[in-house]
Amino acid sequence: LATSSVCATNLADVATNISSNSSSTADVQKLHDVGQNEEQAQQKQQQVGQKPMQQPVPHQSQQQQPSQHRQQQHYSLQGRVVQLDRQLKSLSRVSFKCGNWLDLGCAANKYGVVTCFSVTKWIHLNWGDDGLMKLFHKAFRCLVPGGLFILEPQPFKSYQNAVHKAGVQAAPFKKISQFKLRPEGFSEFLMQRVGFELVQQLNAVSQVAGDEAVPVKGFDRPIVVLRKPVP
């Protein structure tokens, strides 16, 4: 279609030039003769067995694109399988135990990291300030020097929501009005009373880095990272 358009445009230009030329009859005759000569030359080429012009063949790299794409998918899947296999092997050194960690034994200076996500509120409601302080001191004791305690304090406003959701047959929670410890004061208590060092407080932000980072909406609780000092 592109060739036809170009040819049409060229013929229109020739017609315009012929109409503006004083020797239009001779030019038209010459153009007719050239066309006949080209047609005769093409007929002779076909008679001697020459192949007519073929459509352009796609480049070899274009033909290999689907194959290369399949190979890339294969290598990507193979890499994921290897990574998953390593992760599963690493889990062979992990053990799980269900129980109340406040009552379970824990050897001193044993763990490199202790995490506490969405837990403090429930310990606070069930065992009060004493239970929460026991949790913090136990985490400190179980960590090796230089070990990290990663804590997600649940906001105090969620305490009241939990109390309202509790059914009639549920165990009664401690009266939150009597709590002296509050989530906004956990970091200070952990540093001044327990002995941790504050490493960093992580706030939930968007994936955009730098000055364009903005707080995310929804589940955006801060995470506090503390370290057990090295003597």
Side-chain angles (χ1 to χ4, degrees), residues 83-205 215-231:
Q83 183 180 12
L84 180 60
D85 182 64
R86 292 175 181 173
Q87 292 174 346
L88 291 175
K89 288 181 180 178
S90 65
L91 287 176
S92 63
R93 302 190 300 271
V94 178
S95 61
F96 298 89
K97 183 179 292 186
C98 179
N100 184 355
W101 199 61
L102 294 178
D103 298 333
L104 296 175
C106 178
N109 303 322
K110 183 177 181 180
Y111 298 107
V113 178
V114 173
T115 61
C116 187
F117 299 132
S118 300
V119 172
T120 55
K121 175 175 68 176
W122 305 111
I123 293 177
H124 213 174
L125 289 173
N126 285 281
W127 290 277
D129 289 342
D130 292 339
L132 201 58
M133 289 187 288
K134 183 178 179 180
L135 168 70
F136 293 157
H137 283 286
K138 186 175 182 179
F140 184 87
R141 185 175 67 255
C142 293
L143 284 169
V144 298
L148 298 177
F149 181 43
I150 304 176
L151 175 68
E152 177 211 357
Q154 292 154 287
F156 194 74
K157 62 182 180 181
S158 67
Y159 283 44
Q160 192 65 41
N161 296 335
V163 172
H164 288 321
K165 291 180 181 179
V168 178
Q169 298 179 353
F173 289 139
K174 299 289 183 179
K175 293 183 178 180
I176 60 177
S177 59
Q178 299 177 356
F179 291 163
K180 296 181 179 180
L181 275 177
R182 294 294 180 96
E184 57 271 16
F186 287 174
S187 296
E188 183 179 357
F189 178 85
L190 287 163
M191 290 186 291
Q192 295 183 2
R193 300 286 297 276
V194 180
F196 280 105
E197 298 174 344
L198 179 63
V199 176
Q200 189 176 5
Q201 177 168 319
L202 305 174
N203 295 317
V205 295
V216 297
K217 297 180 180 180
F219 199 81
D220 57 350
R221 297 173 186 166
I223 295 178
V224 183
V225 182
L226 304 110
R227 179 189 292 114
K228 182 177 180 178
V230 178

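Keep in mind that the numbers below use all heavy atoms, side chains included, and drop hydrogens, waters and symmetry copies.
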(message) With heavy-atom distances below 4.5 Å as the criterion, would you say the side chains of Leu226 and Phe140 are in contact?
(response) no

(request) Please name the pair of heavy atoms, one in Ala107 and one in Lys110, separated by the smallest distance, quoted to 0.1 Å. (result) O-CB, 3.6 Å

(request) Any side-chain hydrogen bond (donor to acceptor under 3.5 Å, both in side chains) involving residues 96-108? Give me the pairs, sequence neighbours left out, ordered by first then second residue. (result) Asn100-Asp103

(message) I want to check something: taking the side chain as every heavy atom from C-beta on, are Arg221 and Pro155 in contact at a cut-off of under 4.5 Å?
(response) yes

(request) Check salt bridge (Lys or Arg N to Asp or Glu O under 4.0 Å) between Lys89 and all other residues, then give those that pass, not counting sequence neighbours. (result) Asp85

(message) Can you give me the closest heavy-atom contact between Val114 and Ala139, atom names plus distance?
(response) CG1-CB, 4.2 Å

(request) Please examine the side chains of Val194 and Phe189, heavy atoms only from C-beta on, and report whether any two atoms are closer than 4.5 Å. (result) yes

(request) Check the surroundings of atom OH in Tyr111: do more than 12 heavy atoms from other residues, nucleotides or ligands lie under 6.0 Å from it? (result) no

(message) If you define the side chain from C-beta out and look only at heavy atoms, does anything of Pro153 sit under 4.5 Å from Val224?
(response) yes

(request) Please check if the side chain of Glu152 supplies one atom and the backbone of Ser118 the other of a donor-acceptor pair under 3.5 Å. (result) yes

(message) Could you work out, with disulfide bond (SG atoms under 2.5 Å apart) as the rule, every residue matching Cys142, not counting sequence neighbours?
(response) Cys106

(request) Measure the CZ-CG distance between Phe186 and Leu135 for me, rounded to the nearest 0.5 Å. (result) 9.0 Å

(message) Using side-chain heavy atoms (C-beta onward) and a distance below 4.5 Å, is Phe136 in contact with Phe196?
(response) no

(request) First locate atom CD1 of Ile176, then atom CD of Gln160, and finally report the distance between them rounded to the nearest 0.5 Å. (result) 4.0 Å

(request) Identify the two heavy atoms, one from Pro145 and one from Val230, that lie closest to each other, and give their separation to 0.1 Å. (result) C-CG2, 3.9 Å

(request) Going by the side chain to side chain contact (heavy atoms under 4.5 Å, CB included) test, name the single residue among Leu190, Ile223, Val225 that passes it with Leu151. (result) Leu190

(message) Consider side-chain hydrogen bond (donor to acceptor under 3.5 Å, both in side chains). Of Arg182, Lys121, His124, which one does Tyr159 pass it with?
(response) His124

(request) Determine the minimum heavy-atom distance between Leu143 and Lys228, stating which atoms define it. (result) O-NZ, 2.7 Å

(message) So which atom in Arg227 and which in Gly146 form the shortest heavy-atom distance, rounded to 0.1 Å?
(response) CG-O, 3.6 Å

(request) Give, for atom CG of Leu148 and atom CD of Gln200, the distance between the pair rounded to the nearest 0.5 Å. (result) 11.0 Å

(request) Indicate yes or no: at least one non-hydrogen side-chain atom of Lys174 is less than 4.5 angstrom from one of Leu125. (result) no

(request) Keeping the roles fixed (side chain from Lys134, backbone from Leu102), state whether a donor-acceptor pair exists under 3.5 Å. (result) yes

